[in-house]
K.L.:
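One structure is given below, represented as structure tokens, and several questions about it will come after.
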Number of protein chains: 2
Amino acid sequence: MARPRAFDEEIVLTAAMHAFRTHGYARASVSVLEEATGLRASSLYNAYGDKAGLFRRALDHYLASFVGPRLKVHAGPESTLEDLEGLFLTLLVPPYDDGQGCLVTNSAAEFGSAPSIATDGVRAGVTALRRHAEEVLARELGPSAAPTAAARLVLLYQGFLVLGRAGLLDDGHVAAIRAEFVELRERRSPNRPSTVEDENRRSPR
Amino acid sequence: MARPRAFDEEIVLTAAMHAFRTHGYARASVSVLEEATGLRASSLYNAYGDKAGLFRRALDHYLASFVGPRLKVHAGPESTLEDLEGLFLTLLVPPYDDGQGCLVTNSAAEFGSAPSIATDGVRAGVTALRRHAEEVLARELGPSAAPTAAARLVLLYQGFLVLGRAGLLDDGHVAAIRAEFVELRERRSPNRPSTVEDENRRSPR
DNA sequence: CTCATTCTGGAACGCTCTTTCCAAAATGTC
DNA sequence: GACATTTTGGAAAGAGCGTTCCAGAATGAG
């Protein structure tokens, strides 16, 4: 009977994910990862093969455990423009306001367009955001306006994430996002009934 | 009489700048920089003190020799909405379409918000873009709408750069930018006369 | 020519990195 | 208890890193 693992994988992958998000891949040395996860190098190697293997798993974990649930809440089948706006605004409050940015976006910048260990995860993350946004926008604005509006929101969101990562977001950027959604609401499809629930979904701030 | 330098500093800094832009700071090893610049390590150290010193100089050079002139053309005292749109669209054609992104944006993602060798340069780059955009927009839309519109363009531009870096820009994003400027033109201040020159400034594509 | 000064290139240094090795540990089964 | 299996932790290996050292090179001045 093999010795059981002494760690909870969920906890380890979450810790690794945050270490990679904070330091980037190159700067997250194995000793940094040891400290973050509480595991020794040989345990990490035994479990994940090598550093790149751990990164891939951490990125997958990020997509599944952070991006996925956020898209479900803010851009899911029942979501509205207010929920979409909340996707941006929740980045300003705990637990998303730690200033370390998004592992997908950070990895996009770090690895660039050459094939890499981040290629599939970055594409998956950006594609999922766009697809979800487009579905909400198709319901809210009608199907013909949705693709362009979704592409625009993706650009705005990536910009928001980069400036957040750099600590350069300010009230002006927030006002720009709020104005964007004011405009989107003015373009709401007449087929889509408005409800008082919409006002409560934006929160925070 | 001291031995003169065997290199042209402009050429070396430009080469280093591109190496840092392509590989990021952490991955641009001194041997990569040797290859890019054609100088040996000891010459680089003699001239710039250390790797961080070279990076700072390369980032400054980028701001002065690439960002500054681009802002002058696309967001200068005579520039219009069409010129501003060209700031985005020129990223799609040579010499700006090499897919390595922007040293400011890449460094923002790499170094984050903690104090670093990139802090001042990133802030200067983002601030300059915003200020220039805001001046154009104040002329074109009127001073009250300019701050929010500028902040929005900065977010869009950063997002455009990140997705460009990741090789994920497509026609949908370009259409979104074009639509953005269609909307901005509809909001042009009545005080600002339109000219046929405006149509020629957008190019390319 | 000598001199003083700075630059260059190759070699080397010391450190950090990623990864491997292997003995001991942790388990359930017999 | 012995056994087989996997995991863990500490030590070590080898490679790559950033940087320094220093002898020779390149210059203009005298």
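We use all heavy atoms of the structure for the numbers below, so side chains are in, but hydrogens, waters and symmetry mates are not. To find a chain, count down the sequence lines: A is the first, B the second, and so on, and within it residues start at 1. Worth saying up front: this structure is predicted, and the values here are computed from it rather than measured.
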K.L.:
Return the value, rounded to whole Å, for the distance between atom CG of A/Leu33 and atom P of C/dC17.
P.N.:
11 Å

K.L.:
What is the distance, to the nearest angstrom, from the CG atom on A/Leu44 to the P atom on D/dG10?
P.N.:
14 Å

K.L.:
Categorize A/Ala6 for me: base, sugar-phosphate, or nothing, with a 4.0 angstrom heavy-atom threshold over every strand shown.
P.N.:
sugar-phosphate

K.L.:
For every nucleotide of nucleotides 20-30 of chain D, 5' to 3': is a protein heavy atom under 4.0 Å from its base (B), only from its sugar-phosphate (S), or from neither (-)?
P.N.:
BB--BBBBB--

K.L.:
Tell me whether the side-chain N/O atoms of B/Arg5 come closer than 4.0 Å to OP1 or OP2 in C/dC7.
P.N.:
yes

K.L.:
Would you mind reading off the distance between B/Glu34 atom CD and C/dA11 atom P, rounded to a whole angstrom?
P.N.:
13 Å

K.L.:
To the nearest 0.5 Å, what is the distance between CD (A/Glu110) and CZ (B/Arg27)?
P.N.:
5.0 Å

K.L.:
Describe, in one word, how the ring planes of B/Phe7 and B/Tyr48 are oriented to each other, choosing from parallel (under 30°), tilted (30 to 60°) and perpendicular (over 60°).
P.N.:
tilted

K.L.:
With DNA chain D as reference, determine whether A/Asn46 or B/Arg27 sits nearer its 5' end, using the nearest nucleotide of each.
P.N.:
A/Asn46

K.L.:
Honestly, is A/Arg70 close enough over A/Tyr96, meaning NZ or CZ under 6.0 Å from the six-membered ring centre and within 45° of the axis?
P.N.:
yes

K.L.:
Do A/His173 and A/Phe88 have ring centroids that are under 6.0 Å from one another?
P.N.:
no

K.L.:
Once you round it to whole Å, what is the distance between C1' of D/dG18 and CD1 of B/Ile117?
P.N.:
13 Å

K.L.:
For residues A/Leu59 and A/Val122, report the shortest heavy-atom separation together with the two atoms involved.
P.N.:
CD2-N, 4.4 Å

K.L.:
Answer yes or no: does a side-chain N or O of A/Ser29 lie under 4.0 Å from OP1 or OP2 of C/dT16?
P.N.:
no

K.L.:
Checking side chain to side chain donor-acceptor pair (under 3.5 Å) between B/Arg185 and each of B/Glu82, B/Glu140, B/Glu180, which is the one that passes?
P.N.:
B/Glu82

K.L.:
When the distance from CG of A/Asp8 to C1' of D/dT7 is rounded to whole Å, what number comes out?
P.N.:
16 Å

K.L.:
Whole angstroms only, please: what is the CZ-C1' distance between A/Arg40 and C/dC22?
P.N.:
17 Å

K.L.:
Please report, rounded to the nearest Å, how far the P atom of C/dT20 is from the NZ atom of A/Lys51.
P.N.:
14 Å

K.L.:
Do A/Tyr25 and A/Phe111 have their ring centres less than 6.0 Å from each other?
P.N.:
yes

K.L.:
For A/His23 and C/dC17, give me the distance from atom NE2 to atom C1', rounded to whole Å.
P.N.:
15 Å

